[in-house]
Amino acid sequence: MKLLLENWREYLNEGITITIGKVKEMVCPKPTQDLELNTKNRNAAIKTEYIQYGPLNLADEDYWVRAAEHWNTTPDVAKKSNCSNCTAFDISPRMKECMPGPTSEPIEDKEGYLGYCWMHHFKCHSARSCYTWAAGGPISEDSISYQWQEKNDAS
């Protein structure tokens with residue numbers, strides 16, 4: 001009987017550890033819940049020369065001219081390389097739940113919608129871009145979102 005109870009206790013402890021690990025996985029990234037941290041990270045991405053997140057005003061054509069020069073292309077091509085199709089832009093169902101209030105729902109117009117940037121750790125807008133843009137996105141599945149979070153937690 002004693003051995004049975006010890007085995008049962010070990011089994012329960014193992015289950016609790018696995019459950020805690022899974023719950024940790026599902027926690028929203030801190031910048032989605034902390035306005036000050038999100039703003040700090042976003043502002044750093046705007047000011048950092050190799051990132052240059054923007055444009056603040058989507059009608060700012062000068063931003064796209066600078067991005068085009070950076071990428072050695074045209075402004076029209078640069079405009080197509082935005083957060084909405086970046087490999088680090090997370091719009092998975094679970095990330096939408098992490099977004100604040102009604103702004104977390106995609107806006108079906110030219111303005112776009114909010115998502116989370118795993119590269120620079122802030123809530124970003126689909127119509128904007130940065131110099132570190134990388135093709136292959138967006139992240140639209142929870143399983144991929146979790147993989148990005150695991151990689152970020154490990155670093």
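Between G112 and S126, the shortest heavy-atom contact is CA-OG, 3.1 Å. For the pair F122 and P31, the tightest heavy-atom approach, listed with the atom from each and the gap, is CA-CB, 4.3 Å. For A45 against H120, the heavy-atom pair with the smallest separation is CB-CB, 4.5 Å. Counting all heavy atoms, side chain and backbone alike, S129 lies closest to W71 at OG-CH2, 3.5 Å. Scanning both residues, Y53 and H125, for their nearest heavy atoms gives OH-N, 3.0 Å. H121 approaches Y116 most closely through the heavy-atom pair CA-OH, 3.3 Å.
The CG atom of D90 sits 12.5 Å away from atom CG of L114, with the distance rounded to the nearest 0.5 Å. The distance from atom CD of Q147 to atom CG of N152, rounded to the nearest 0.5 Å, is 12.0 Å. Here the straight-line distance linking atom CZ of F89 with atom OG of S140 works out to 11.5 Å at 0.5 Å rounding. Atoms SG and OH, on C83 and Y113 in that order, are 9.5 Å from each other to the nearest 0.5 Å. For the atom pair NZ (K30) and CD (E36), the distance works out to 13.0 Å, reported to the nearest 0.5 Å. Taken from NZ in K96 to OG1 in T32, the straight-line distance is 15.0 Å, to the nearest 0.5 Å.
Between Y131 and H70, the ring planes lie parallel to each other; the angle is under 30°, not in the 30° to 60° tilted range.
Among C28, S145, P138, the single residue meeting the side-chain contact (heavy atoms from CB on, under 4.5 Å) criterion with M95 is S145.
Formation of a donor-acceptor pair under 3.5 Å by the Q52 side chain with backbone atoms of T48 is found in this model. Under a 3.5 Å cut-off, the side chain of R128 and the backbone N or O of G54 do not form any donor-acceptor pair. Counting only distance, with no hydrogens or angles, the side chain of E61 and the backbone of P75 share no donor-acceptor pair below 3.5 Å. N38 places no side-chain N or O within donor-acceptor distance of the main-chain N or O of D34, the cut-off being under 3.5 Å. Side chain of D142 to backbone of S92: no donor-acceptor contact under 3.5 angstrom is found.
Using a 4.5 Å cut-off on side-chain heavy atoms (C-beta onward), E150 and D153 make no contact. Looking only at side-chain heavy atoms (C-beta outward), M119 and C86 come within less than 4.5 Å of each other.
Taking hydrophobic clusters as Ile, Leu, Val, Met, Phe, Trp and Tyr residues chained together by side-chain heavy-atom distances below 4.5 Å, M99 shares a cluster with I139. Follow the hydrophobic side-chain contacts under 4.5 Å out from I144 and you reach W118 in the same cluster.
Side chains of S84 and N82: a donor-acceptor N/O pair is present below 3.5 angstrom, by distance only.
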